[in-house]
Amino acid sequence: MALQTNWIVQKFGGTSVGKFPEQIVDEIVKVYTTQFKNNVAVVCSARSSDTKAEGTTSRLLRACDLVCNSDPSFAEVLQKVRDDHISNAKQRISNPELQKNLIQDTIAELDLVEKYLNASQVLGEVSLRTMDLVMSCGEKLSCLFMAALCNEHGVPAQYVDLSSVIPHDYECRQGTLDTSFYTFLVMAFKEKLQPVLDLHAEGKPVVPVITGFFGLVPMGLLNGVGRGYTDLCAALIAVGLNADELQVWKEVDGIFTADPRKVPQARLLASVTPEEASELTYYGSEVIHPFTMEQVIRAKIPIRIKNVQNPRGDGTVIYPDNVAKKGESTPPHPPVTLSNSFFEQRRRGATAITSKSDIYVVSIHSNKKTLSHGFLAQIFTTLDKYKLVVDLISTSEVHVSMALPVPDNESAKALKKAVEELKKLGSVELTKKLVIISLVGKQMKQFIGIAGTMFTTLAEQGINIEMISQGANEINISCVIDEDNAIKALQSIHSKLLDLNSEVELGKAVNEKLEQIKRLAL
Ligand SMILES: Nc1ncnc2c1ncn2[C@@H]1O[C@H](COP(=O)(O)OP(=O)(O)O)[C@@H](O)[C@H]1O
Ligand SMILES: N[C@@H](CC(=O)OP(=O)(O)O)C(=O)O
């Protein structure tokens, strides 16, 4: 039935490569290649030995910032990256030949970065292109190391560098990240992987260890895609290889009904739809880069989120609930071919709850009697000028409230300037230290009273609501509250709408109907 290629793409994040490289090789890559007989392609992000904020990509970007400010201490930051990678190589690679080559390659890559940054210092600027070149070093070093570790541990592996797949003149020809660009990338990746595919065809399988950095993107990778770009890279490789599954390995068992660090009762979800995964990521639960989904879903490739520290766990599958599986031309026709898990999925009202911190609310009260035409346009032009994005908005006749993420000093300064300009339109009120609480679920629109329960629960807890908004796609109900109440809000709403018992009660009537259909189908 299904057109299986036996290829599985496994993406490992920076902290996993930093903390658990041996487990990745021995308990994951080796198990999938030798025990499950899969063809495995590995994609890695830049190493973070502890947190992402202190990881290699963050350090390389900090070095770029220092150069921009004519601060020569960028060399010290680069030295940290150098020391970290060399000591890691010495500690973890014992084969003298492999270790020597790894250290040589590591030094060569970092020397190159130093050259770029020295030149930038002379020029007094770091161009987007240079920033991408510098950033690519993180994934190169990480993959050089992981390829060496695989070989040392008896898994034949080959380093594959995608950092130069985009031709220099590409920007002139295209300029945006559109479907044609993605199609081009998929073809370019396939070409780059052809030698590996040839080895497989000759019966000499080798695991490609592929840089999660994929070249000098039009507008720069940070501008165009943002941090977390390796997820997208892995997705495009999965499409290129027509993989059976894209596995995104993290340090959490999968997607939970809430952040398990904040809500101890949170449950692991067997599956979520791509829309739900996107909303959860956007509203604070860093699950997967949102651009990833579109690519693999088009190619009907399921994404599975799994835990590096618990490789035998099932994880969470991200897959549309209305699309046929790979190899099937149409979706499975209900109810006969539907599995139990499908029914399980149908039962719930809300799927998960998430919170996004560092939110400010800007409220503008127009000085005209009614909203004049152009009022909203003026507001958004001002916000756009200062590169500020709006997460939620609610309007009344003469009033507009907007929730904006202000995660750093730079955006706080930009907002201050924007507020000064907005004062020309009316009175402006700014409220800080807020969070957005979002309830996400594709089935929510079929349930009456979920929003009611959410807001009554907050009222019962004595939590004041600054702003309410329901996403136009009806899979998200959000509100803004004081940040001090975030955990209380998450836990109390979870207990009313997402704990196993509450869910059973809420969905009782629907469940009975589904059981009836199921019985009829058997
Ligand atoms: N709904 C959720 N399900 C799972 N994890 C979540 C959720 N919301 C927030 N998180 C948090 O997201 C983090 C993602 O895991 P991690 O492997 O650390 O990410 P990365 O690989 O991107 O660095 C976890 O620390 C987890 O606590
Ligand atoms: N190194 C990049 C790419 C990435 O995807 O990272 P991670 O997979 O660790 O989120 C970053 O930090 O943005």
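Sequential numbering from 1 along the given sequence is applied to the chain's residues. Counting starts at 1 for both ligands and their atoms, in listed order. Not measured: the values here are computed from a predicted model.
For ligand 1, the atoms closer than 4.0 angstrom to any heavy atom of Ala258 are 1 (N), 2 (C). Here is the list of ligand 1 atoms found below 4.0 Å of a heavy atom in Thr15: 23 (O). Of all the atoms in ligand 1, the ones that sit under 4.0 Å from a non-hydrogen atom of Gly254 are 3 (N), 4 (C).
Given atom 21 (O) of ligand 1, the protein heavy atom at minimum distance is Lys250 NZ, 3.6 Å. Shortest contact from atom 11 (C) of ligand 1 to any protein heavy atom: Arg261 NH2, 3.6 Å. For atom 26 (C) of ligand 1, the closest heavy atom belonging to the protein is Asp259 OD1, 3.7 Å. Distance from atom 12 (O) of ligand 1 to its nearest protein heavy atom, with residue and atom name: Glu286 O, 3.9 Å. For atom 8 (N) of ligand 1, the nearest protein heavy atom (residue, atom name, distance) is Ser285 OG, 2.8 Å. With respect to atom 2 (C) of ligand 1, the closest heavy atom belonging to the protein is Phe256 N, 3.8 Å.
Side-chain N/O atoms of Thr130 and Ser127 include a donor and acceptor closer than 3.5 Å. Side chains of Ser16 and Glu251: a donor-acceptor N/O pair is present below 3.5 angstrom, by distance only.
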Contacts under 3.5 angstrom, residues 208-221 side chains, donor-acceptor by atom type, not counting sequence neighbours:
| residue | atom | partner | partner atom | Å |
| --- | --- | --- | --- | --- |
| Thr211 | OG1 | Leu162 | N | 2.9 |
| Thr211 | OG1 | Phe213 | O | 3.1 |

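Residue contact check for ligand 1: Ile255 places a non-hydrogen atom closer than 4.0 Å to it. Proximity of Val252 to ligand 1 is established by a heavy-atom distance of less than 4.0 Å. Residue contacts with ligand 1 leave out Lys52, since none of its heavy atoms falls under 4.0 Å from the ligand. The closest approach between any non-hydrogen atom of Ala352 and ligand 1 is not below 4.0 Å.
For residues 131-145, the set of pairs meeting the side chain to side chain donor-acceptor pair (under 3.5 Å) definition, not counting sequence neighbours, comprises Glu109-Lys140, Glu139-Tyr229. Listed by first then second residue, pairs satisfying side chain to side chain donor-acceptor pair (under 3.5 Å) with a partner in residues 52-66 read Glu54-Arg59, Glu54-Arg62, Ser58-Arg227, not counting sequence neighbours.
Between Phe36 and Tyr32, the ring planes are perpendicular. Angles over 60° get that label, and only those under 30° would be called parallel.
Protein residues lining ligand 2, listed by chain and number: Lys11, Gly13, Gly14, Ser45, Ala46, Lys52, Thr57, Glu139, Arg227, Gly228, Tyr229, Thr230 [non-hydrogen atoms, distance under 4.0 Å].
Geometrically, Lys356 engages Tyr282 in a cation-pi contact defined by less than 6.0 Å to the ring centre and at most 45° from the axis.
For Glu251, a nitrogen or oxygen atom sits less than 3.5 Å from a nitrogen or oxygen atom of ligand 1, counting backbone and side chain alike.
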